[in-house]
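Keep in mind the model is a prediction, meaning the values are calculated, not measured.
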Amino acid sequence: METIEQQVRELFCWLCQTPHPSGEEAALRERIADRLRGLGLHPWADTRGNLVCDLPGREGAPLTAVQAHIDMVCAVGSPDYVPSRDPIRPIVRDGFLCTAGESSLGADCGAGAAVMLWLAEHPAPQRPPLRLLFTVDEEVGLGGARDLDPACVDGVRYLINTDGFHWGRIVIGSAGGVREHFTRALTHSNAPELPNGRAYRLKISGLRGGHSGFDIGKTRANALILLGELLREIRMESPFALIDLSGGTAFNAIPYEATADILTIAPAQDAIEKIWDKIYARIQKNDPDARLEIQDIDIPNRVWSGDTASGLLTVLGGFADGVYARHPSGVVSDSSNLGHIYYKDGMVCLDAMLRCMDAQAEQALQLSHRTVCAMCGFAGQIVSRYPAWPAQDNGTLQTLAAQCYLDATGQEAEVTVQHVGLEPSHLLAKNEQMECICVGMELLDCHSPQERWKLDTIEPFVEMIQRLLSRLSTAPQP
């Protein structure tokens with residue numbers, strides 16, 4: 001007989017068969033709906049594409065929602081991997097579910113969605129009426145939750161969000177988030193004639209990267225910020241023209257790779273290597289696998305104009321990135337992540353994400369970014385914003401969840417707020433009578449090709465959820 005761990009893992013691998021980056025969840029949503037229909041259930045989707053399905057439960061018990069998002073950040077680790085085309089290929093390694101490094105795993109939040117499917121396929125007599133909510137576009141500003149039809153949470157008394165990354169942690173509040181987008185027209189000039197000139201491709205890779213909320217306080221290096229530092233130092237040793245620069249993958253992922261092509265006036269590899277050695281000595285404790293690859297390339301006909309190149313390098317030197325403030329407890333309160341630099345439609349584009357629990361800190365960071373970018377010729381706009389989830393302390397749901405964790409493990413749960421955007425911040429606005437918590441299994445290095453899911457946390461997590469639902473089935477109605 002299969003264990004709960006095997007059953008949940010098989011459901012997750014089934015989800016992985018259908019590509020589901022943000023904005024492209026429709027095929028997976030329909031597969032989930034078909035599977036639920038096969039159980040005799042009646043799922044429906046709102047106009048935004050969020051999927052809703054009710055499961056029967058004890059009559060008179062408070063309606064309880066279990067919720068996960070079905071989109072994922074597709075961090076690519078192999079040039080052959082195409083997120084919109086290729087399935088995720090999970091493997092088991094050293095007690096974790098992961099990939100072989102070609103892509104992120106998508107356990108954020110596929111792990112929670114798999115548990116929700118397990119609940120649908122394993123009905124229990126002692127649980128309240130359940131509403132499964134599969135939301136979309138979470139990774140691009142909580143879009144599905146923001147636009148959710150209020151009818152989807154009408155009458156819901158308790159909501160269990162399964163987007164937690166740490167087993168044993170009960171989250172009762174979270175930071176707000178702002179996605180920023182900056183652009184500048186990319187202008188070119190003819191490449192100078194340099195008798196001793198050399199063209200190089202410089203690629204920083206091997207950084208740990210990670211989630212810009214959960215991992216921002218771990219002092220991991222940002223490949224884009226490092227690349228800017230490297231290039232500014234090189235310019236002091238050997239003037240160069242910039243041919244190209246790009247890196248990172250998303251607003252909310254700490255960049256683990258970045259690349260620049262440069263044209264130097266003379267051979268400069270030795271100088272570049274010496275500069276990198278100094279940088280690596282500073283970052284190796286937290287990013288021991290960081291490396292710089294230096295490749296000779298053909299000298300181009302065109303290079304970036306001096307103004308464009310200098311403007312971008314100045315932004316990389318002055319952009320507020322990393323932890324801005326912490327709570328006295330040590331939890332990160334406010335932060336910024338420069339997540340992506342790329343070229344599109346004749347423009348150099350920068351994507352960044354702020355996470356703030358303090359509204360004044362959010363305003364200060366926005367002003368800092370706008371100022372340095374404007375000085376360097378970049379125009380900015382806010383792509384999306386979501387509010388903080390104010391902490392809901394000592395509610396019935398939190399109390400019961402903590403007791404069920406203690407019963408399942410013999411240990412006390414950590415009750416905390418978290419430095420990530422979580423969908424209850426929008427869902428509560430649609431039903432202020434709900435109590436919400438966020439819980440989850442142990443996930444590491446999300447939003448990176450090193451993402452992995454600790455398998456021995458699956459069974460106790462499901463046991464805790466079952467215990468909690470059983471307790472909620474006899475909880476009094478308000």
Enquirer: Looking at residues at least two apart in the chain, or sitting in another chain, which of them share a ring-ring contact (aromatic ring centres under 6.0 Å, His included) with H340?
Expert: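 For H340, the residues satisfying ring-ring contact (aromatic ring centres under 6.0 Å, His included) (neighbours in sequence not counted) are Y342.
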Enquirer: May I ask you to check whether over 12 heavy atoms, not counting those of D277, lie within 6.0 Å of atom CG?
Expert: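 Above 12, so yes.
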Enquirer: Is the side chain of E25 donor-acceptor paired with the backbone N or O of G23 at a distance under 3.5 Å, no angle test?
Expert: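 Answer holds: yes.
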Enquirer: For a side chain to side chain contact (heavy atoms under 4.5 Å, CB included) with L230, tell me which candidate from I225, I279, L316 qualifies.
Expert: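 The option that passes is I279.
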Enquirer: Are R9 and W453 in a cation-pi setup, meaning NZ or CZ lies under 6.0 angstrom from the ring centre and within 45 degrees of the ring axis?
Expert: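 No, R9 does not sit over the ring of W453.
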Enquirer: Give, for atom CG of N286 and atom CD of Q284, the distance between the pair rounded to the nearest 0.5 Å.
Expert: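 The CG atom of N286 sits 10.5 Å away from the CD atom of Q284.
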Enquirer: Do D351 and H181 have side-chain atoms, one donor and one acceptor, less than 3.5 Å apart?
Expert: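 Checked: D351/H181 side chains pair up, N/O donor to acceptor below 3.5 Å.
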Enquirer: Is K218 atom NZ crowded by more than 12 heavy atoms from other residues, nucleotides or ligands, each under 6.0 Å away?
Expert: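 Yes, enclosed.
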Enquirer: For the pair D149 and R48, find out whether any cationic side-chain nitrogen is under 4.0 Å from an anionic carboxylate oxygen.
Expert: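 Not counted as a salt bridge, because no side-chain N and carboxylate O are separated by less than 4.0 Å.
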Enquirer: Once you round to the nearest 0.5 Å, how far does SG of C16 lie from CG of L28?
Expert: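 Atom-to-atom, C16:SG and L28:CG are 9.5 Å apart.
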Enquirer: Quick check for you: to the nearest 0.5 Å, what is the distance between L313 atom CG and L245 atom CG?
Expert: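 Answer rounded to 0.5 Å: 7.0 Å.
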Enquirer: Heavy-atom distance under 4.5 Å between the side chains of P87 and T18, does that happen here?
Expert: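 Not touching, per the 4.5 Å side-chain cut-off.
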Enquirer: Side-chain donor-acceptor pair under 3.5 Å between Q6 and E10, yes or no?
Expert: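 No donor-acceptor contact under 3.5 Å links the two side chains.
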Enquirer: Tell me yes or no: between the side chains of H69 and D137, is some donor less than 3.5 Å from an acceptor?
Expert: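 Judged by distance alone, the side chains do not pair up.
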Enquirer: Using side-chain heavy atoms (C-beta onward) and a distance below 4.5 Å, is T99 in contact with S104?
Expert: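 T99 vs S104: side chains apart.
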Enquirer: Test L148 against H426 for side chain to side chain contact (heavy atoms under 4.5 Å, CB included), laying out the working first.
Expert: CA-CA 9 Å; L148 184 88; H426 281 305; over 6 Å; no
Enquirer: A side-chain contact here means heavy atoms from C-beta on lying under 4.5 Å apart; do T187 and S189 qualify?
Expert: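 Side chain of T187 against side chain of S189, heavy atoms only: no contact under 4.5 Å found.
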Enquirer: Roughly how far, to the nearest 0.5 Å, is the OG1 atom of T135 from the CG atom of L427?
Expert: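 Rounded to the nearest 0.5 Å, the CG-OG1 separation comes to 7.5 Å.
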Enquirer: Using side-chain heavy atoms (C-beta onward) and a distance below 4.5 Å, is I465 in contact with V462?
Expert: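 No, their side chains stay 4.5 Å or more apart.
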Enquirer: Shortest non-hydrogen contact from I204 to A223?
Expert: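 Shortest heavy-atom separation between I204 and A223 comes out as CD1-O, 4.2 Å.
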Enquirer: Under 4.5 Å between any side-chain heavy atoms of L263 and P192, yes or no?
Expert: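 L263 reaches P192 side chain to side chain.
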Enquirer: Specify the closest pair of heavy atoms between A290 and L207, including all atoms of both residues, with the distance to one decimal.
Expert: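 For A290 versus L207, the nearest heavy atoms are CB-CD2, 3.3 Å.
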Enquirer: Could you tell me whether Q381 atom CD has more than 12 heavy atoms of other residues or ligands within 6.0 Å of it?
Expert: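 Counting other residues, nucleotides and ligands, CD of Q381 exceeds 12 neighbours.
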Enquirer: Do Q269 and R198 get their side chains close enough for a donor-acceptor pair, meaning under 3.5 Å?
Expert: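 Distance-only check fails for Q269 and R198.
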Enquirer: Do any N or O atoms from the side chain of N337 and from the backbone of F251 form a donor-acceptor pair under 3.5 angstrom?
Expert: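 Side chain of N337 to backbone of F251, a donor-acceptor pair under 3.5 Å: yes, one is there.
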Enquirer: Quick check: closest heavy atoms across E442 and W167, and the distance to 0.1 Å?
Expert: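 Nearest heavy atoms, E442 then W167: OE1-N, 3.0 Å.
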Enquirer: Examine distances only and state if a side-chain atom of E423 and a backbone atom of N161 form a donor-acceptor pair shorter than 3.5 Å.
Expert: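 Side chain of E423 to backbone of N161, a donor-acceptor pair under 3.5 Å: no, none is there.
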Enquirer: Between R452 (side chain) and D445 (backbone), is there a donor-acceptor pair under 3.5 Å?
Expert: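 No, the answer is negative, given that no donor and acceptor are paired below the 3.5 Å cut-off.
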Enquirer: Determine whether more than 12 heavy atoms belonging to other residues, nucleotides or ligands lie under 6.0 Å from atom CG of D34.
Expert: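 Buried by this count: over 12 neighbours within 6.0 Å.
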Enquirer: Do F214 and L443 have side chains that approach each other closer than 4.5 Å (heavy atoms only, starting at C-beta)?
Expert: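 No; the side chains remain at least 4.5 Å from each other.
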Enquirer: For the side chain of Q418 and the backbone of C438, is there at least one donor-acceptor N/O pair under 3.5 Å apart?
Expert: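 No: the side chain of Q418 does not pair with the backbone of C438.
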Enquirer: Any Lys/Arg nitrogen of K274 or E237 sitting under 4.0 Å from an Asp/Glu carboxylate oxygen of the other?
Expert: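 E237 and K274: not salt-bridged.
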Enquirer: Would you name the heavy atoms of A145 and K430 that are closest together and state the gap between them?
Expert: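 It is O-CE, 3.0 Å.
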Enquirer: Quick one: CG on N50 to CD1 on I70, what's the gap to the nearest 0.5 Å?
Expert: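 Reported to 0.5 Å precision, the distance equals 8.5 Å.
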Enquirer: For R220, which of D321, D215, D289 qualifies under salt bridge (charged side-chain N to carboxylate O under 4.0 Å, His left out)?
Expert: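 So the option named by the test is D215.
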Enquirer: Ignoring hydrogens and angles, tell me if any N or O in the side chain of H419 forms a donor-acceptor pair with the backbone of S333 under 3.5 Å.
Expert: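 Confirmed, H419 side chain pairs with S333 backbone.
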Enquirer: Looking at Y324, is its backbone amide N or carbonyl O close enough to the side chain of D334 to form a donor-acceptor pair, meaning the two atoms are under 3.5 Å apart?
Expert: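 Judged by distance alone, no pair lies under 3.5 Å.
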Enquirer: Looking at CE of M347 and CZ of F378, how far apart are the two atoms once the value is rounded to the nearest 0.5 Å?
Expert: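 With rounding to 0.5 Å, CE (M347) is 9.0 Å from CZ (F378).
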Enquirer: If you count the non-hydrogen atoms of other residues, nucleotides and ligands that lie under 6.0 Å from CZ in R282, is the total more than 12?
Expert: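 Yes, CZ of R282 has more than 12 neighbouring heavy atoms, counting only those of other groups under 6.0 Å.
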Enquirer: Establish, yes or no, whether the cationic atom of R208 lies under 6.0 Å from the six-membered ring centre of Y256 and within 45° of the ring axis.
Expert: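 Judged by the rule, R208 and Y256 form no cation-pi pair.
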Enquirer: Take D86 and E102 through the test side chain to side chain contact (heavy atoms under 4.5 Å, CB included) and record every step on the way to the result.
Expert: CA-CA 10 Å; D86 297 330; E102 69 274 8; over 6 Å; no
Enquirer: Do I382 and Q366 come within less than 4.5 Å of each other through their side chains, counting heavy atoms only?
Expert: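 Contact flag for I382/Q366 side chains = yes.
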Enquirer: Taking ring-ring contact (aromatic ring centres under 6.0 Å, His included) as the definition, give me every residue that meets it alongside H447, ordered by chain and number, with sequence neighbours left out.
Expert: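 Checked H447 against ring-ring contact (aromatic ring centres under 6.0 Å, His included); matches are H211.
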Enquirer: Would you find a donor on one side and an acceptor on the other, under 3.5 Å apart, between the side chain of S336 and the backbone of A320?
Expert: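 Here the side-chain-to-backbone pair exists.
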Enquirer: Main chain of Q67, side chain of T162: is a donor-acceptor contact present, judged purely on distance under 3.5 Å?
Expert: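 Side chain of T162 to backbone of Q67: a pair is present.
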Enquirer: Whether the R355 and S212 side chains hold a donor-acceptor pair (N or O, under 3.5 Å, no angle test) is what I'd like checked.
Expert: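 Checked: R355/S212 side chains pair up, N/O donor to acceptor below 3.5 Å.
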Enquirer: Looking at side-chain heavy atoms only, is the closest gap between H369 and L354 below 4.5 Å?
Expert: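 In contact.
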Enquirer: Ignoring hydrogens and geometry, is there a side-chain-to-backbone donor-acceptor pair from K203 to R291 under 3.5 Å?
Expert: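 Between the backbone of R291 and the side chain of K203 there is no qualifying donor-acceptor contact (under 3.5 Å).
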